[in-house]
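Only one structure is covered here, and it is reproduced in the block below.
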Amino acid sequence: MYWADELAARLSGPQVVNDSKTPSGTVHVGSLRGPVVLDAIWRALRERGLEARLLYGVDDLDPMDAQALLTPDAVERYMGVPLAHVPAPEGSGAASYARHFAGLFLATFAGLGIHPETYWMSEVYPTGAVDPYIRLALDRADRVREIYRRVANVQHPPTWHPVSVICEQCGKVGTTIVTDWDGERVRYECRPDLVTWATGCGHSGWVAPFGGRAKLPWNLEWAAQWSIFGVTIEPNGKDLATAGGSRDRSDAISREIFEREPPINLPYEFLNIGGRKMSTSKGRGAAAHTMAEVLPPELLRFLFLRHRPSHAIDFDPAGETIPRLFDEFDRVAAATAGREVKGELPPDHARIFALSLLDPEADPVAEAGRFRPDFSQVAMLAQVPGADIEGRIAAEKGAPLDLAEQVILADRVRAARAWLADYAPDRARIAVRDELPAEARRGLSDEQRTYLGALAIAAGVSRPVSGDAWQDLIFRVAEEAALPAGRAFGAVYLAFLGRTNGPRAGWLLAALERTFVVERLRQAAGWAPEPEDGGSSAQPGEASA
RNA sequence: GGGCCGGUAGCUCAGCGGUCAGAGCAGGGGGCUUUUAACCCUCGUGUCCUGGGUUCGAAUCCCAGCCGGCUCACCA
């Protein structure tokens with residue numbers, strides 16, 4: 001059974017699936033694994049007939065700590081300030097820094113068919129919903145300190161209290177420390193040297209830490225969210241799942257301070273690039289919204305859902321990774337539609353396919369049956385100038401594409417272009433050589449040379465213009481020369497591309513200037529002298545999009 | 001130092017107690033007179049990381065170790 005269904009099978013009663021994130025900047029593709037896993041669980045629960053909610057929290061009262069994303073003069077003023085109170089980057093129409101980046105992230109979810117109920121901590125605190133937990137945390141501060149010591153081996157001073165006040169003078173939350181609690185108010189200090197990444201203003205005073213004037217530290221806030229929203233399932237990345245790590249602390253705080261059993265955990269692995277962690281700042285990995293251009297949403301879901309959450313996925317967008325992902329998706333789709341498929345299929349392939357669809361209500365078999373053009377072929381067609389891509393694909397299908405199939409094709413054309421621009425290996429790129437390729441000089445047989453010469457003559461006579469006309473000519477001349485079609489095409493490709501295969505030859509030649517084509521054919525045949533120093537007068541043009 | 005995950009064909013991975021260990025891709029060979037990066041046929045003896053153990057039987061379970069990655073020990 002599929003892992004998400006296994007989880008759903010051992011549960012009963014209403015379920016609340018939750019995740020939350022600090023909107024401190026753009027995120028890379030790997031960050032999408034969490035939301036996709038959560039969504040799959042949510043769908044599995046509902047399909048099992050359980051009442052289930054999917055929540056997503058934006059921890060936008062967390063302090064700004066990403067200096068690189070601020071302008072230099074804003075660093076002093078905004079480092080340490082809650083993200084909800086930091087202005088959005090220049091050019092953004094968003095109300096705040098947090099809104100800007102959370103908005104990007106949430107839009108990416110929506111594009112993946114993930115539609116959680118969202119909540120913003122900057123809005124939750126003012127309602128007073130967190131106040132009971134702030135009070136509990138302060139009343140039981142000694143036990144909180146004991147938990148940190150026992151679970152995480154972190155020693156806080158006896159005056160340390162688990163709440164951070166938003167400084168009334170400078171507005172920073174990352175620089176304040178609470179040193180006392182009288183049952184209604186806390187005494188806090190905004191210290192210049194509390195953290196290295198932000199500078200407090202030195203203010204101190206007493207304040208009632210309720211209604212949004214203070215926030216709980218991460219581990220307590222997390223546990224408070226569980227209680228406030230009744231969370232029953234909360235998977236998290238394995239970085240948090242380590243012994244003595246965040247999850248352990250929050251679990252202990254939930255049990256011992258807030259007196260509630262923590263939600264079911266299900267740690268998930270990361271998406272690595274070339275065996276290493278993705279890191280946008282280190283130039284490894286791709287921003288989530290960038291990758292969404294290269295991979296249509298179903299493929300992105302498929303990428304994560306085809307493996308168990310505990311399996312680290314190694315994803316390197318370079319090379320053949322992306323075409324292979326499409327091929328594998330198409331194989332799984334074909335099998336789901338009931339078609340015969342070569343080779344083995346992943347376990348639960350039909351389930352994986354169904355969960356990869358954006359619309360949970362869609363009929364998986366009907367969707368699986370749609371015509372999906374081969375990615376490599378689309379990539380090739382996308383490089384032939386003037387190619388009628390949809391016409392060619394429809395011809396392959398044997399019928400016009402329906403609306404859904406047109407969307408699939410458009411997605412793939414877009415994906416192919418992005419892939420070719422950024423990731424494709426050179427051999428996937430088609431380029432007509434400026435000069436007769438050395439491969440042609442070496443690789444052409446005598447009969448192929450004769451054939452190309454004959455083709456040059458025939459082209460001079462019949463002056464073909466369209467791809468069809470060229471294609472016909474290539475075949476006709478091959479027939480007259482008694483050369484098998486495969487050898488004929490190979491000769492053409494060698495003469496222009498320096499390789500033995502390529503896009504439909506007729507359309508390729510039709511895209512080039514005829515005088516150049518004829519001249520090249522004659523050179524390849526050995527009938528015309530080659531230019532001395534590559535200074536060919538003909539302009540071959542690049543046959544790339 | 002602690003934790004988690006992984007180590008199976010060139011690459012990506014499936015298999016996780018029971019026929020001689022599998023698939024895709026890549027690669028080799030062959031075929032194809034109009035889908036020519038497609039399609040069809042064909043080719044894989046790999047220390048299943050290592051060493052012990054359990055078992056009638058282990059890639060599959062247990063123990064130890066090695067290697068790789070991530071992570072915690074500051075904050076979120």
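The shown structure was predicted, so the numbers you read here are calculated from the model rather than taken from an experiment. Protein chains get the first letters and strands the later ones, always in sequence-line order, with residue 1 at the start of each.
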Does B:C56 pair with anything, Watson-Crick or G-U wobble, both distances under 3.5 Å, and if so, with which nucleotide? B:G18
So, A:Glu405 side chain and A:Phe371 main chain: donor-acceptor pair closer than 3.5 Å or not? yes
SB check A:Asp251 A:Arg247 (cutoff 4.0 Å): yes
Would you call A:Glu146 and A:Arg149 a salt bridge, taking side-chain N to carboxylate O under 4.0 Å as the test? no
On RNA chain B, compare the nucleotides closest to A:Ser376 and A:Glu269; which residue's is nearer the 5' end? A:Glu269
What is the distance, rounded to the nearest whole Å, between atom NE2 of A:His311 and atom C1' of B:G7? 10 Å
State the pairing partner of B:G44; accept Watson-Crick or G-U wobble contacts with both distances under 3.5 Å, and report none otherwise. none
Can you tell me which residue among A:Asp472, A:Leu473, A:Ile474 is in a side chain to side chain contact (heavy atoms under 4.5 Å, CB included) with A:Pro464? A:Leu473
Out of A:Phe229, A:Tyr125, A:Tyr56, which one pairs with A:Tyr119 under the ring-ring contact (aromatic ring centres under 6.0 Å, His included) rule? A:Phe229
Check the distance between B:C72's C1' and A:Asn236's CG and give it to me in whole angstrom. 13 Å
Separation of B:A14 atom P from A:Arg306 atom CZ, nearest Å, is 9 Å
Determine the interatomic distance between P on B:U42 and the same-named atom on B:C4; round to the nearest Å. 47 Å
Determine whether the aromatic ring centres of residues A:Phe101 and A:Phe105 are separated by less than 6.0 angstrom. no
Pair A:Phe258-A:Trp226, ring-ring contact (aromatic ring centres under 6.0 Å, His included): steps then yes or no: CA-CA 10 Å; A:Phe258 301 150; A:Trp226 296 339; 9.4 Å; no
Can you check whether A:His307 has a side-chain N or O nearer than 4.0 Å to OP1 or OP2 of B:U12? no
For atom C1', what is the distance between B:U54 and B:C63, given to the nearest Å? 11 Å
All N/O pairs under 3.5 Å across the protein-nucleotides 22-27 of chain B interface:
unit_1	atom_1	unit_2	atom_2	d
B:G22	O2'	A:Glu344	OE1	3.4
B:G22	O2'	A:Glu344	OE2	2.2
B:A23	O2'	A:Glu344	N	3.2
B:C25	O2'	A:Arg324	NE	3.0
B:C25	O2'	A:Arg324	NH2	3.2

Can you tell me the distance, in whole Å, between the CG atom of A:Leu325 and the C1' atom of B:C11? 15 Å
Would the A:Phe475 and A:Phe489 ring centres measure less than 6.0 Å apart? yes
Pick the P atom in B:G51 and in B:C56, then give their distance to the nearest Å. 23 Å
When the C1' atoms of B:C16 and B:A58 are compared, how many Å lie between them, rounded to an integer? 10 Å
Between B:C13 and B:C70 - P atom distance, rounded Å: 16 Å
B:A26 - base-pair partner by Watson-Crick or wobble geometry, distances under 3.5 Å: none
Which value, in whole Å, describes the distance between the C1' atoms of nucleotides B:A59 and B:G6? 14 Å
Specify the separation, in whole Å, of atom CH2 of A:Trp3 and atom C1' of B:G15. 20 Å
I'd like to compare against my own output: the B/S/- annotation of nucleotides 29-36 of chain B with a strict under-4.0 Å heavy-atom distance to protein. ----BBBB
Does the structure show a Watson-Crick or G-U wobble partner for B:C4, both distances under 3.5 Å? Name it, or say none. B:G69
Taking the P atom in each of B:C62 and B:G28, what is the distance between them to the nearest angstrom? 43 Å
If pairing means Watson-Crick or G-U wobble with both distances under 3.5 Å, then the partner of B:C39 is B:G31
Is A:Lys21 salt-bridged to A:Asp59, cutoff N-O under 4.0 Å? no
Test: A:Arg99 and A:Glu123 ion pair at under 4.0 Å: yes
Going by an N to O cut-off under 4.0 Å, is there a salt bridge joining A:Arg372 and A:Asp327? no
A:Arg308 side chain N/O closer than 4.0 Å to the phosphate oxygens (OP1, OP2) of B:G15? yes
Taking the same atom, P, in B:A23 and in B:G57, what whole-Å distance lies between them? 28 Å
Just the table, please: protein N/O against nucleotides 74-76 of chain B N/O, every pair under 3.5 Å.
unit_1	atom_1	unit_2	atom_2	d
B:A76	O3'	A:Asp62	OD1	3.4
B:A76	O3'	A:Asp62	OD2	2.9
B:A76	O2'	A:Thr22	OG1	3.2
B:A76	O2'	A:Asp62	OD2	3.3
B:A76	N6	A:Ser246	OG	3.0

Would A:Trp222 and A:Ser246 count as having a side-chain donor-acceptor pair, cut-off 3.5 Å? no
Yes or no on ring-ring contact (aromatic ring centres under 6.0 Å, His included) for A:Phe329 and A:Phe353, after CA distance, side-chain angles and deciding distance? CA-CA 8 Å; A:Phe329 182 78; A:Phe353 178 78; 5.6 Å; yes
